Amino acid sequence: LVYATQPRSYNFSVWCYDNLSPNLSSNASVTISVVEVDKYAPVFTPTYIFLTVNETTPVGTILASTRRDVGAFKVYNATDRDVGPQGVFNYTLYYSDPRFSVDATFGTLTVQQSLNVDYINATTFINLIIRACDPHVCSADFNIYTTIIRQNDYYPMFSQKVYSVTYNNSTPAGQVIPSNCTDQDIGVGALQGVVFLNTTPGVFLLN
């Protein structure tokens, strides 16, 4: 019985007779329903994509989806060769990251929390894994290789606006002038150095 190409149900009658005279008989109606077996797992096309997003991407931004009308950065597709209820499937985010969520019906991947990697000190590369599951079988992994681009969010800041130090002409070389400058950015956006402006050349040395 092939569910996709043959009738979904068969109806017939069964009769039984005795051998006495007169012959007596009775009948019963029989209905056989053909139920689809879940033979196939959902399949993704393509099997992976690459995403590059800015860490300032707003919460609620749609990154990927099976729908083409939602303005997603990337569009992918999933199909199931089963028909009927066995061919209905839902999407789940198998590798869970609280910054992202996926819609069960359309597989729409959305930014759910801030991607600011300076604030949460999180990794800038994530392999998000989506799976599509019908009532009995799940797909192979659909990999979304996601890179979060750091931004230079913060100005370097001195611990105070003015540093005032008094030395006399006998102060030995090597005396340290206290100062402190920090940057809330991490990685490539972090503090790289400090330069002197408007000072007499050769008098002070910046380390």
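If you're wondering where the values come from, they're calculated on a predicted model, not measured in any experiment.
- Taking all atoms of both residues into account, the shortest heavy-atom contact from V75 to T66 is CG1-O, 4.3 Å.
- Here the straight-line distance linking atom CG of N11 with atom OG of S33 works out to 8.0 Å at 0.5 Å rounding.
- Distance alone, capped at 3.5 Å, places no donor-acceptor pair between the D141 side chain and the N143 backbone.
- The minimum heavy-atom distance linking N23 with D18 is given by the pair ND2-O, 2.9 Å.
- By the rule that hydrophobic residues join a cluster once side-chain heavy atoms approach within less than 4.5 Å of another member, I129 and F106 end up as members of separate clusters.
- Judged purely by atom type and a 3.5 angstrom limit, T92 has no side-chain atom pairing as donor or acceptor with the backbone of Y94.
- Relative orientation of the W15 and Y17 rings is parallel, given thresholds of 30° and 60° on the angle between their planes.
- Taking CG from L51 and CG from L128, the interatomic distance works out to 8.0 Å, rounded to the nearest 0.5 Å.
- Closest heavy-atom contact between A41 and V137: CB-CG1, 3.2 Å.
- If you run side-chain contact (heavy atoms from CB on, under 4.5 Å) between F100 and each of I126, I130, I144, only I126 comes through.
- A78 and F89 get closest at one heavy-atom pair: O-CZ, 3.5 Å.
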Start with the C-alpha gap between F142 and Y76, add the side-chain angles, then the distance that decides, and say whether ring-ring contact (aromatic ring centres under 6.0 Å, His included) holds. CA-CA 10 Å; F142 175 64; Y76 65 94; 4.5 Å; yes
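- The structure places CD of E55 at 8.0 Å from CD1 of I148, a figure rounded to the nearest 0.5 Å.
- One finds the OH atom of Y10 at 9.0 Å from the CD1 atom of I32 (value rounded to the nearest 0.5 Å).
- Without hydrogens or angle criteria, Q112 side chain to P98 main chain gives a donor-acceptor distance under 3.5 Å.
- For the side-chain hydrogen bond (donor to acceptor under 3.5 Å, both in side chains) with Q86, the lone residue among R81, H136, K39 that qualifies is H136.
- Donor-acceptor pairing under 3.5 Å is recorded for the side chains of N54 and T56.
- In this structure, CD1 in I149 is found 7.5 Å from OG1 in T124, a value given to the nearest 0.5 Å.
- A continuous path of ILVMFWY side-chain contacts below 4.5 Å connects V53 to L109, so both sit in one hydrophobic cluster.
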So C16 and S26, side chain to side chain contact (heavy atoms under 4.5 Å, CB included) or not? Walk me through it. CA-CA 6 Å; C16 61; S26 64; 3.3 Å; yes
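- When all heavy atoms of V59 and S114 are compared, the pair lying nearest together is CG2-N, 3.8 Å.
- Between Y40 and D134, the shortest heavy-atom distance links the atoms O-OD2, 3.1 Å.
- Defined by atom type and a distance below 3.5 Å, a donor-acceptor pair is missing between the side-chain atoms of T45 and N77.
- Below 30°, between 30° and 60°, or above 60°: for Y91 and F44 the angle between ring planes is between 30° and 60°, a tilted geometry.
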Could you walk me through whether N27 and S13 satisfy the side-chain hydrogen bond (donor to acceptor under 3.5 Å, both in side chains) test, starting with their C-alpha distance in whole Å, then the side-chain angles of each, then the deciding distance to 0.1 Å, before giving a yes or no? CA-CA 7 Å; N27 70 294; S13 298; 4.5 Å; no
